[in-house]
Amino acid sequence: EAAVTQSPRNKVAVTGGKVTLSCNQTNNHNNMYWYRQDTGHGLRLIHYSYGAGSTEKGDIPDGYKASRPSQENFSLILELATPSQTSVYFCASGDSQNSGNTLYFGEGSRLIVV
Amino acid sequence: AQSVTQPDARVTVSEGASLQLRCKYSYSATPYLFWYVQYPRQGLQLLLKYYSGDPVVQGVNSFEAEFSKSNSSFHLQKASVHWSDSAVYFCALSPLSSNTNKVVFGTGTRLQVLP
């Protein structure tokens with residue numbers, strides 16, 4: 001069964017609205033990541049976490065917040081969604097101790113902001 | 001800061017031909033290096049990874065990659081491609097230093113295999 005699960009898989013939001021993307025992993029990995037994927041940009045790191053209670057800014061954190069309430073869950077929050085945040089978002093988990101930080105990805109959350 | 005460059009946005013080859021997808025990295029030491037593949041409407045999956053030892057690493061589905069410290073490169077190769085290899089391929093780097101677990105990706109190379 002899928003070890004990294006994202007929800008919702010598809011979302012249409014209005015400009016200025018709040019959006020929460022959720023991610024759950026059953027790999028027991030310490031590290032979790034949120035990326036967005038856009039044509040021509042590949043995957044860009046938004047936020048990541050070393051463990052429960054920690055969040056770190058990635059390369060493009062502006063307009064996003066993250067929350068890691070437990071080992072298993074890592075959320076990405078858009079407080080005031082904008083059309084420029086229309087994208088596909090991927091969550092991943094990784095274990096730098098045992099697998100060289102190999103990442104295991106969810107299937108993505110497609111967000112459209114209108 | 002670390003970075004990964006994949007200079008070819010698209011590559012088209014015929015089925016049965018050999019393949020090389022290029023990846024150059026920038027980092028002050030030897031990092032972990034990865035190749036991932038993404039099939040349509042799916043997440044990324046690991047093909048292979050390198051940290052130390054033999055510079056040629058074998059991965060799934062007969063893919064291999066060669067690390068070159070002098071060229072700061074980690075090119076992906078396959079001797080004979082199949083139509084099912086059509087996908088987007090990403091090169092990635094993880095510094096694994098004591099103060100960061102960032103994993104940085106290149107922009108990807110879309111591979112089209114013609115029958």
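A quick note: this is a predicted structure, and the numbers were derived from the prediction, not measured. These values consider heavy atoms only, across backbone and side chains, with no hydrogens, waters or symmetry-generated copies. Residue numbering restarts at 1 for every chain, and letters A, B, ... go by the order of the sequence lines.
- The NZ atom of A/Lys57 sits 12.5 Å away from the NZ atom of B/Lys102 when rounded to the nearest 0.5 Å.
- Surrounding CZ of A/Arg44 are more than 12 heavy atoms belonging to other residues, nucleotides or ligands, all under 6.0 Å away.
- Under the 4.5 Å side-chain heavy-atom criterion for ILVMFWY residues, no single connected hydrophobic cluster contains both A/Ile112 and A/Leu78.
- Taking hydrophobic clusters as Ile, Leu, Val, Met, Phe, Trp and Tyr residues chained together by side-chain heavy-atom distances below 4.5 Å, B/Phe63 shares a cluster with B/Trp35.
- The shortest distance between side-chain heavy atoms of B/Gln38 and A/Phe90 falls below 4.5 Å.
- For the options A/Leu45, A/Val88, A/Leu103, heavy-atom pairs under 4.5 Å to chain B are most numerous at A/Leu103.
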>> side-chain contact (heavy atoms from CB on, under 4.5 Å), that's the test. Do B/Leu44 and A/Leu43 meet it? Break it down for me.
In response: CA-CA 10 Å; B/Leu44 281 69; A/Leu43 269 73; 4.1 Å; yes
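- In this structure, B/Ser94 and A/Asn101 approach most closely via the heavy-atom pair OG-ND2, 3.4 Å.
- Under a hydrophobic-cluster definition in which Ile, Leu, Val, Met, Phe, Trp and Tyr are linked whenever side-chain heavy atoms come within less than 4.5 Å, directly or via other members, B/Leu76 and B/Leu33 are assigned to the same cluster.
- B/Leu46 and A/Met32 are members of different hydrophobic clusters when ILVMFWY side chains are connected at heavy-atom separations under 4.5 Å.
- Residue A/Gln37 touches chain B through its side chain alone, counting heavy-atom pairs closer than 4.5 Å.
- Rounding to the nearest 0.5 angstrom, the gap separating the OG1 atom in A/Thr102 from the CD atom in B/Gln45 is 13.0 Å.
- Residues B/Trp83 and B/Val81 do not share a hydrophobic cluster, clusters being chains of Ile/Leu/Val/Met/Phe/Trp/Tyr side chains in contact below 4.5 Å.
- The distance from the CZ atom of A/Phe105 to the CD atom of B/Gln42 is 13.0 Å, given to the nearest 0.5 Å.
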